[in-house]
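First the structure, in the form of structure tokens, and then the observations on it.
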Amino acid sequence: MTKSMGIHLEDVHFGYPARSVLQGVDVTVRPGELTALIGLNGCGKSTLLRLAAGLLQPNQGRVLLGGDDLAGLSRRATAARVALLHQSAPAVPGMTVRHLVRQGRYAARGPLGMLREGDDPVVRRALRDVGVEQWADRDVDALSGGERQRVRLAMALAQDTRVLLLDEPTTYLDLHHQLDVMQTVVRLREERELTVVMVLHDLAHAARFAERIVALRDGRVVADGTPKEVVTPGLLADVLNVAGRVGRDPEGGWPVCYPDHPLPALEYENQFH
Ligand SMILES: Nc1ncnc2c1ncn2[C@@H]1O[C@H](COP(=O)(O)OP(=O)(O)OP(=O)(O)O)[C@@H](O)[C@H]1O
């Protein structure tokens, strides 16, 4: 087994044809670290994950994975290192859960790659990891939104990479399964020395489970540190545009947010610009 890998984004600029999104982003995710990426809708979080997964290329700057520039790695070599759970996925008519999770194995082999004998245990393990093995023969289309989300997490795990990028992995999940997924990711990161970056809208999860929080605003990194360092009323206002208070969990010590009200755009602009 290869050891865990860090991710470096160095002065990354990126824009879609009509829109500049990331402007000089520098982020270092240390090997084996669990980092939460937070920020308002449209600030560039998913774009950053797609760049880190090699699905987009920076207009300027570099993305390094385990010290290697992604620009020099083949699609297959990249897929062997990094798995991305997308925010949304196209419908998959007529595909069973097992079949979908198997797609994770193909990612590192290319579309014509043959599944090897050792692949099935990896698929079974991924199904078990997120507790969905009982649905293996069900149609993905016949699952609820939350069930499908967990199956897609199993597909990302089946890629068996050292780096896991999860774009809002708890979307659609009830509170029980949100906590279950967060704890599963924390456990797998420890057991398998994974490097994990998760986009999270729930600051409570980020503050409790992440070792580090990186906050984006308007395509720039505006905060980067441990939850205790960065989760403050100023972060709530400046990054998430809400007024609120921050306390401490009496047992765990992690920051707990008490969001109060959304800041009007005008007040927000006046306060921080
Ligand atoms: N394929 C695309 N073509 C053009 N613009 C895009 C494309 N994908 C995203 N954008 C735009 O780029 C900006 C950043 O999008 P991105 O998906 O990275 O935001 P995000 O922070 O992940 O948002 P959310 O929290 O809503 O998921 C947005 O303004 C979005 O409209």
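Heavy-atom basis, side chains included; hydrogens, waters and symmetry copies ignored. Note that ligands are numbered from 1 as they come in the structure, with each ligand's atoms numbered from 1 the same way. Quick caveat: nothing in here was measured; it's all calculated off a predicted structure.
A salt bridge is absent between Arg208 and Asp249: the closest approach of a Lys/Arg side-chain nitrogen to an acidic carboxylate oxygen does not fall below 4.0 angstrom. A salt bridge does not link Arg189 with Glu193: every distance from a Lys NZ or Arg NE/NH1/NH2 to an Asp or Glu carboxylate oxygen is 4.0 Å or more. By the 4.0 Å N-to-carboxylate-O rule, Arg212 lies close enough to Asp224 to be salt-bridged with it.
Applying the side chain to side chain donor-acceptor pair (under 3.5 Å) test to every pair with at least one member in residues 7-18, sequence neighbours left out, gives these pairs: His8-Thr28, Glu10-Arg62, Asp11-His13, Asp11-Gln60, Tyr16-Thr47, Tyr16-Arg50.
Counting heavy atoms from C-beta outward, Leu235 and Ile38 have side chains that approach closer than 4.5 Å.
Checking Asp167 against Ser46 by side-chain atom types alone, a donor-acceptor pair falls below 3.5 Å.
Sorted by chain and number, the heavy-atom contacts of ligand 1 below 4.0 Å come from Tyr16, Arg19, Val21, Leu40, Asn41, Gly42, Cys43, Gly44, Lys45, Ser46, Thr47, Arg50, Gln87, Glu168, His201.
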